[in-house]
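Read the structure below first, then the notes.
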Protein chains: 2
Amino acid sequence: MTGQVRTVDGRVAGRRGQETRQKLLDCLREMLSTSPYRDVKVIDVARMAGTSPATFYQYFPDVEGAVLEIAEEMAEDSAGLKELVDGKSWAGKTGYATSEELVDGFLAFWRKNDAILRVVTLGAAEGDKRFFKIRMKVLNSVVSPLTEAVKANQGKTDKTVDPAAVSGALVSLLASAAEHSKAFTSWGVKVKDLRPNLALQVYLGVTGKKPPK
Amino acid sequence: MTGQVRTVDGRVAGRRGQETRQKLLDCLREMLSTSPYRDVKVIDVARMAGTSPATFYQYFPDVEGAVLEIAEEMAEDSAGLKELVDGKSWAGKTGYATSEELVDGFLAFWRKNDAILRVVTLGAAEGDKRFFKIRMKVLNSVVSPLTEAVKANQGKTDKTVDPAAVSGALVSLLASAAEHSKAFTSWGVKVKDLRPNLALQVYLGVTGKKPPK
DNA sequence: ACGGTAAGCTGACGGCATGACAGGACAAGT
DNA sequence: ACTTGTCCTGTCATGCCGTCAGCTTACCGT
């Protein structure tokens, strides 16, 4: 469906080629999580992969191009986050459990992919449409179903709140908390306490009620 | 108080030197807001300032060093954000106005400094302590007084909520919304509607009540 | 087995950015 | 005019970027 993997100069990549390509991506991933994005050099990635810079340029136009590749792969993965909200109940204790699981699942996903997500976030903030699109895909995997949940849970009476805005704000908060959990620590919020606090916020935002004891 | 401005090799900078230094910082600021952080080169900054790369290296160890300088300057400025919360009332309509002004003031500050804040946020996320500290200084200028406000407004009965966590979450949300307002737009939240929605969230978080009509 | 064809890799190269230094230009006081 | 210390830049070694030609390797049909 996605067509064959091709090199920059148009050749079709075979088994061996795809292996090297993948190894380069893996090494880049690792580089991203160990050194600042600004300092990631093609030559280092190539060295780590046991190959030469020229080989890197066979498969990717530049570092950014390879990063986009990794990011897109991660965005595919993010589709699984939908299950954290889809078809879940928000009533009573079950609802609070839903909230906790959502927070857990989202934080886990973000932390697992923190290095690449940092770069995606930067790119999106800088106005790069490709990174923006990828970031939206990840966030939307939760925002979309969550918006529906908010709509379903707010009575027809209460029209002061825009469901999309609430849902977007909650997910933005989760993303921010995942990326900068150290900030919360420095505010005196223990790592253990972060999760329930976020879960509370989410529950409150979706249902508009305080959670049951 | 902050001692004299010095060059990398220890000389004391005079009038002319400080001017060049400042011009370099200004140009770097501009570069940051027009091109991706990864692509900002010393040679470009120097050229824009009408000088040579060697001059740049007289005043700063590298691009990052100069960026830190700009960031620290901005962090000083952020102290003014305190006034958005300090001594303000959170009761009734006045309280909602406080909330709106806080949102407005914070978003305005973030947007005014968006380029440098992007880099600070990235650095903090990457675990760089210097950037982390600067980011905390900016956020704390609001989080500190806001935490007090939350404490004062939550009855002694309600101990489920950690004031620091709530306050931190609200400010994180504001920062995220400021940095990625385009995301909200793409969720169908109009730019005009973003402000009141955030104000609502803040008011709710601080007082625990729905705002008065 | 053999040769043809396309994939795969790298050495080498020009170009550009980095970062250091020494020396020259400049301003200010004597 | 001379001295002193500030300020700037030409120059250079080093290292990364990004490209290309050309060599090696794997696959396939006969």
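Letters go in sequence order (proteins before strands), and every chain restarts at 1.
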- [ ] Flag yes if more than 12 heavy atoms outside A/Lys133 fall under 6.0 Å of its NZ atom; otherwise flag no.
- [x] no

TODO: Return no unless some side-chain N or O of B/Thr51 is found under 4.0 Å from OP1 or OP2 of D/dT9.
DONE: yes

Open item on the list: Which residues pass the side chain to side chain contact (heavy atoms under 4.5 Å, CB included) test with B/Pro163, not counting sequence neighbours?
Closed with: B/Thr147, B/Val150, B/Lys151, B/Gln154

Task: Length of the CZ-P vector between A/Arg21 and C/dA7, whole Å - done: 15 Å

- [ ] Please check the phosphate of D/dT9 (OP1 and OP2 only) for any side-chain N or O of B/Thr55 closer than 4.0 Å.
- [x] yes

Where do N or O atoms of nucleotides 18-21 of chain C meet protein N or O atoms at under 3.5 Å, pair by pair?
{"residue": "C/dT18", "atom": "OP1", "partner": "B/Val42", "partner atom": "N", "Å": "3.2"}
{"residue": "C/dT18", "atom": "OP2", "partner": "B/Val42", "partner atom": "N", "Å": "3.3"}
{"residue": "C/dT18", "atom": "OP2", "partner": "B/Ile43", "partner atom": "N", "Å": "3.2"}
{"residue": "C/dG19", "atom": "OP2", "partner": "B/Tyr57", "partner atom": "OH", "Å": "3.0"}

- [ ] With sequence neighbours excluded, tell me which residues meet side chain to side chain contact (heavy atoms under 4.5 Å, CB included) with B/Asp128.
- [x] B/Glu64, B/Arg130, B/Phe131

Open item on the list: Rounding to an integer number of Å, can you tell me how far A/Asp39 CG sits from D/dC16 P?
Closed with: 12 Å

Between protein and nucleic acid, restricted to nucleotides 4-7 of chain D and to nitrogen or oxygen atoms under 3.5 Å apart, what atom pairs and distances do you find?
{"residue": "D/dC7", "atom": "OP1", "partner": "B/Gly14", "partner atom": "N", "Å": "2.4"}
{"residue": "D/dC7", "atom": "OP1", "partner": "B/Gly14", "partner atom": "O", "Å": "3.2"}
{"residue": "D/dC7", "atom": "OP1", "partner": "B/Gly17", "partner atom": "N", "Å": "3.0"}
{"residue": "D/dC7", "atom": "OP2", "partner": "B/Val12", "partner atom": "O", "Å": "3.2"}
{"residue": "D/dC7", "atom": "OP2", "partner": "B/Gly14", "partner atom": "N", "Å": "2.9"}

Open item on the list: Rounded to whole Å, how long is the line connecting atom CD of B/Glu19 with atom P of C/dA27?
Closed with: 12 Å

Task: Residue pairs passing the salt bridge (Lys or Arg N to Asp or Glu O under 4.0 Å) test where at least one lies in residues 173-202 of chain B, sequence neighbours excluded - done: B/Asp104-B/Arg195

Task: Atom pair distance, as rounded to whole Å: CG in A/Leu24 and C1' in D/dG18 - done: 15 Å

Open item on the list: Can you classify the ring geometry of A/Trp90 versus A/Tyr203 as parallel (below 30°), tilted (30 to 60°) or perpendicular (above 60°)?
Closed with: tilted

Task: Salt-bridge criterion met for B/Glu19 and B/Arg15 (N-O under 4.0 Å) - done: yes

Task: Lys/Arg-Asp/Glu bridge criterion (N-O < 4.0 Å) met for B/Arg47, B/Asp44 - done: yes

Between side-chain atoms of residues 67-84 of chain B and protein atoms elsewhere (two or more places apart, or another chain), which donor-acceptor pairs fall under 3.5 Å?
{"residue": "B/Glu69", "atom": "OE2", "partner": "B/Arg21", "partner atom": "NH2", "Å": "2.5"}
{"residue": "B/Glu76", "atom": "OE2", "partner": "B/Lys137", "partner atom": "NZ", "Å": "3.1"}
{"residue": "B/Ser78", "atom": "OG", "partner": "B/Ala75", "partner atom": "O", "Å": "2.6"}

